[in-house]
Each structure stands twice: as structure tokens, then as C-alpha cells.
Amino acid sequence: MAEETNRLFVGNMPFRMTQEELFDLFAQAGGVASVHVPTDRETGRPRGFGFVEMDDPTGKDQAIQMFNGYSVGGRSLVVNEARPREQRSF
DNA sequence: TTTGAGCGG
């Protein structure tokens, strides 16, 4: 069984950008499954990056080409394919 | 400013 996941990593995001903004932004590229914007709970400060999951690899590719280097909030967004999160088991 | 999280039996 192959799990089809299309996750995008968004870096260099303006701290003012929220998951809602990401969702609306990436929704223009295709179907957005969900967005994830983690924050550092130790410092309470956003890490400046987020994750966006697309419903289709096509929208993912579109989002990468559409928003990779996209200027917003005075910052250029960096969009790439996301990597699987750390595995807590060896 | 760059790779997230949380759960029951």
C-alpha cells in the first residue's frame, strides 16, 4: 500500500503569516489538504516555516513553482518538498 | 528565520 502524501515545506515565511494565510495562498495552486505551522513551544516564537499538504501531486508541483521565491511580507517564500518528520524510534 | 505532532489499549 503506497501512501500518497504531498507535503510541501515552506521556509523563510514572514512571522506574520499564519496557517490560514498559507491555506488561502496555496489553495490558489490546487487542492490543499491541510496546513501545518509549528511554533517553538520553548520560546513561543514561530520557527518561520510551515508545511502544506496538497490533495494532488499536481497541485504540489504547481505550488512549488508558484510560491517558490514568492515575495510576501517583504520576504521570499521558499517552497520545497517536505521530508518525513523525525522518527522517534531507531 | 527552514523539516511539524500526538494517541489508546
Side-chain angles (χ1 to χ4, degrees):
Chain A
M1 316 287 258
E3 296 178 1
E4 299 176 3
T5 59
N6 309 298
R7 297 191 287 192
L8 295 172
F9 169 77
V10 185
N12 202 26
M13 291 203 329
F15 287 158
R16 312 169 180 216
M17 180 162 268
T18 60
Q19 0 184 114
E20 189 176 69
E21 300 291 76
L22 280 177
F23 182 90
D24 183 59
L25 192 70
F26 279 72
Q28 302 175 59
V32 178
S34 62
V35 289
H36 186 27
V37 181
T39 51
D40 196 328
R41 101 100 125 158
E42 295 183 25
T43 64
R45 163 207 265 178
R47 289 188 165 174
F49 70 93
F51 293 90
V52 179
E53 186 175 19
M54 307 297 285
D55 285 332
D56 306 304
T58 305
K60 182 194 68 172
D61 185 64
Q62 292 294 315
I64 293 174
Q65 297 182 70
M66 286 179 74
F67 301 113
N68 185 17
Y70 179 80
S71 181
V72 57
R75 300 288 183 194
S76 339
L77 295 181
V78 181
V79 181
N80 331 254
E81 294 186 13
R83 296 192 142 179
R85 53 183 161 64
E86 295 184 18
Q87 299 173 1
R88 45 148 86 209
S89 211
F90 289 30

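Excluded from the calculations below are hydrogen atoms, water molecules and symmetry mates; all remaining heavy atoms, backbone and side chain alike, are included. In what follows, chains carry the letters A, B, and so on, assigned in the order in which the sequence lines appear, proteins first and then strands, with residues in each chain numbered from 1. It should be emphasised that the depicted structure is a prediction, and the values quoted were computed from it without experimental measurement.
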Checklist line | Length of the line joining Phe67(A):CZ and dT2(B):P, which is rounded to integer Å | finding: 22 Å
Next item on the list: Rounded to the nearest angstrom, tell me the gap between atom CD1 in Ile64(A) and atom C1' in dT3(B).
Entry: 14 Å
Margin query: When you compare the ring of Phe49(A) with the six-membered ring of dT2(B)'s base, are the centres less than 5.5 Å apart and the planes under 30° from each other?
Written below: no
Checklist line | For atom CZ of Phe9(A) and atom C1' of dG4(B), their distance in whole Å | finding: 10 Å
Notebook entry, point to check: If each of Pro38(A) and Asn12(A) is mapped to the nucleotide of DNA chain B with the nearest heavy atom, which maps nearer the 5' terminus, i.e. the 5' end?
Noted result: Asn12(A)
Notebook entry, point to check: Are the side chain of Asn12(A) and the backbone N or O of Ser76(A) linked by a donor-acceptor pair below 3.5 Å?
Noted result: yes
Notebook entry, point to check: More than 12 non-hydrogen atoms from neighbouring residues, nucleotides or ligands closer than 6.0 Å to CD on Glu81(A), yes or no?
Noted result: no
Note to self: Nearest whole Å is fine: how far is dT3(B) P from Asn6(A) CG?
What the structure shows: 21 Å
Notebook entry, point to check: Please give, in whole Å, the distance from dG4(B) P to Met17(A) CE?
Noted result: 20 Å
Notebook entry, point to check: What nucleic acid atoms does Arg7(A) come within less than 4.0 Å of, heavy atoms only: base, sugar-phosphate, or nothing?
Noted result: base
Note to self: Output the rounded distance in Å from CD (Glu81(A)) to C1' (dT2(B)).
What the structure shows: 15 Å
Margin query: Between Leu77(A) and Leu25(A), does the side chain to side chain contact (heavy atoms under 4.5 Å, CB included) criterion hold? Intermediate values first, please.
Written below: CA-CA 11 Å; Leu77(A) 295 181; Leu25(A) 192 70; 3.8 Å; yes
Next item on the list: Could you check if the base of dG4(B) is syn or anti? Syn means the glycosidic torsion is within 90 degrees of 0.
Entry: syn
Notebook entry, point to check: For Phe23(A) and dG4(B), what is the distance between atoms CZ and P respectively, to the nearest whole Å?
Noted result: 23 Å
Next item on the list: Give, for atom CZ of Arg7(A) and atom CZ of Phe51(A), the distance between the pair rounded to the nearest 0.5 Å.
Entry: 8.0 Å
Next item on the list: Round to a whole Å and report the spacing from CG of Leu8(A) to P of dT3(B).
Entry: 16 Å
